[in-house]
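Contents: one structure, followed by commentary.
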Amino acid sequence: HVQLVESGGGSVQVGGSLSLSCAVSGPPYISSSVGWFRQSPGNKREGVAAINGLGVDTYYADSVKGRFTVSRDNAKKTVYLQMDDLKVEDSAMYFCAAQFRGSWSPVSTLSSSQYYAWGQGTQVTVS
């Protein structure tokens, strides 16, 4: 089964950057769309970005458009989330998810209910 491990979180000042990684193991990696989500205390898990299996199509939440970039290196079986111009409100636990079961659309790909497999998360704190 698919396993995901996030890394790259940390503390950064407002306006700074962080790059998160999601290492994906287990089949079927190449065909698996991957989503990035975040959750802060007291809030629902929010879809941030998603990328399809070949890395040619992406979606972003409005709150991060123009600041975050999702990409993938299928040779390394890794999906990335580059986060620039970070804001205090970006502080959260960030998760990657796979085994997408929905249709490829902005709403579905950013919905946590459409993914079966989840990583443990990596904390991002912006101050």
Side-chain angles (χ1 to χ4, degrees):
H1 61 280
V2 175
Q3 292 184 315
L4 305 101
V5 178
E6 303 94 336
S7 62
S11 297
V12 65
Q13 292 185 334
V14 171
S17 298
L18 279 175
S19 181
L20 306 183
S21 297
C22 173
V24 185
S25 61
Y29 172 78
I30 294 300
S31 62
S32 178
S33 299
V34 172
W36 281 100
F37 293 79
R38 65 186 182 188
Q39 188 170 20
S40 53
N43 293 316
K44 293 181 179 180
R45 192 164 293 190
E46 172 192 20
V48 174
I51 188 166
N52 70 348
L54 294 178
V56 297
D57 203 4
T58 59
Y59 287 119
Y60 295 93
D62 288 343
S63 58
V64 307
K65 278 181 182 176
R67 300 188 299 120
F68 289 13
T69 304
V70 60
S71 62
R72 66 193 297 160
D73 184 335
N74 285 346
K76 296 182 178 179
K77 296 185 178 182
T78 302
V79 179
Y80 305 97
L81 184 67
Q82 176 65 36
M83 306 186 295
D84 298 317
D85 190 22
L86 283 162
K87 304 177 180 181
V88 171
E89 51 264 41
D90 294 319
S91 297
M93 184 72 78
Y94 282 71
F95 302 87
C96 60
Q99 290 193 317
F100 176 66
R101 58 183 174 179
S103 58
W104 185 254
S105 68
V107 173
S108 186
T109 58
L110 298 181
S111 172
S112 60
S113 64
Q114 299 300 310
Y115 294 85
Y116 279 113
W118 291 85
Q120 293 299 307
T122 185
Q123 179 69 40
V124 171
T125 302
V126 185
S127 60

Under the side-chain contact (heavy atoms from CB on, under 4.5 Å) rule, collect the residues that match up with [X], sequence neighbours excluded.
X     : value
Gln82 : Ser17, Ser19, Thr69, Asp84
Val12 : Leu18, Leu86, Val126
Val56 : Asn52, Leu54
Ser11 : Thr125

Whether over 12 other heavy atoms sit under 6.0 Å from Gln120 CD:
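Check fails, neighbour count at 12 or below.
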
Are Phe68 and Val14 connected in a single hydrophobic cluster, I mean Ile/Leu/Val/Met/Phe/Trp/Tyr linked by side-chain heavy atoms less than 4.5 Å apart?
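Yes, because Val14 and Phe68 connect within a single hydrophobic cluster, where side-chain heavy atoms sit under 4.5 Å apart.
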
Within one Ile-Leu-Val-Met-Phe-Trp-Tyr cluster: Tyr60 and Val124, side-chain cutoff 4.5 Å
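Yes, because Tyr60 and Val124 connect within a single hydrophobic cluster, where side-chain heavy atoms sit under 4.5 Å apart.
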
Excluding sequence neighbours, so at least two apart, what forms side-chain hydrogen bond (donor to acceptor under 3.5 Å, both in side chains) with Ser40?
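If we apply the side-chain hydrogen bond (donor to acceptor under 3.5 Å, both in side chains) test to Ser40, skipping adjacent residues, the hits are Asn43.
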
Please find the pair of heavy atoms, one from [X] and one from [Y], that lie closest to each other, and give the distance.
X     : Y     : result
Leu20 : Gly9  : CD2-N, 3.6 Å
Ser21 : Thr78 : CB-CG2, 4.1 Å
Leu4  : Ala97 : CD2-C, 4.0 Å
Ala98 : Val34 : CB-CG2, 4.3 Å

From NZ (Lys77) to OG (Ser32), nearest 0.5 Å
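The OG atom of Ser32 is 11.5 Å from NZ of Lys77, to the nearest 0.5 Å.
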
Taking only residues at least two apart or on different chains, which pairs with a member in [range] satisfy salt bridge (Lys or Arg N to Asp or Glu O under 4.0 Å)?
range            : value
residues 109-127 : none
residues 45-56   : Arg38-Glu46
residues 106-127 : none

With ring centroids as reference points, do Trp118 and Phe37 lie under 6.0 angstrom apart?
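Distance test on ring centres: under 6.0 Å, yes.
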
Cluster partners of Tyr80, using ILVMFWY side-chain heavy atoms under 4.5 angstrom, listed by chain and number?
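Taking Ile, Leu, Val, Met, Phe, Trp and Tyr as members, Tyr80 stands alone, with no cluster partners.
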
Given Gln39 and Phe95, is the side-chain contact (heavy atoms from CB on, under 4.5 Å) satisfied, shown in steps?
CA-CA 8 Å; Gln39 188 170 20; Phe95 302 87; 4.2 Å; yes

For residues 103-115, pull every pair meeting side chain to side chain donor-acceptor pair (under 3.5 Å), keeping only residues two or more places apart or in separate chains.
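Non-adjacent pairs meeting side chain to side chain donor-acceptor pair (under 3.5 Å): Asp57-Trp104, Ser111-Ser113.
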
Just do the side-chain contact (heavy atoms from CB on, under 4.5 Å) check on Glu6 and Trp36 with the steps written out, would you?
CA-CA 10 Å; Glu6 303 94 336; Trp36 281 100; 4.0 Å; yes

Should Lys87 and Asp90 count as an ion pair when the cut-off is N to O under 4.0 Å?
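Looking at Asp90 together with Lys87, the answer is no, because their closest N to O distance does not fall below 4.0 Å.
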
Filter on disulfide bond (SG atoms under 2.5 Å apart), then keep only pairs touching residues 55-127, sequence neighbours left out; what's left?
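Every pair satisfying disulfide bond (SG atoms under 2.5 Å apart) with a residue in residues 55-127: Cys22-Cys96.
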
Who passes salt bridge (charged side-chain N to carboxylate O under 4.0 Å, His left out) against Lys44, sequence neighbours left out?
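Counting only residues at least two positions away or on another chain, Lys44 forms no salt bridge (charged side-chain N to carboxylate O under 4.0 Å, His left out).
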
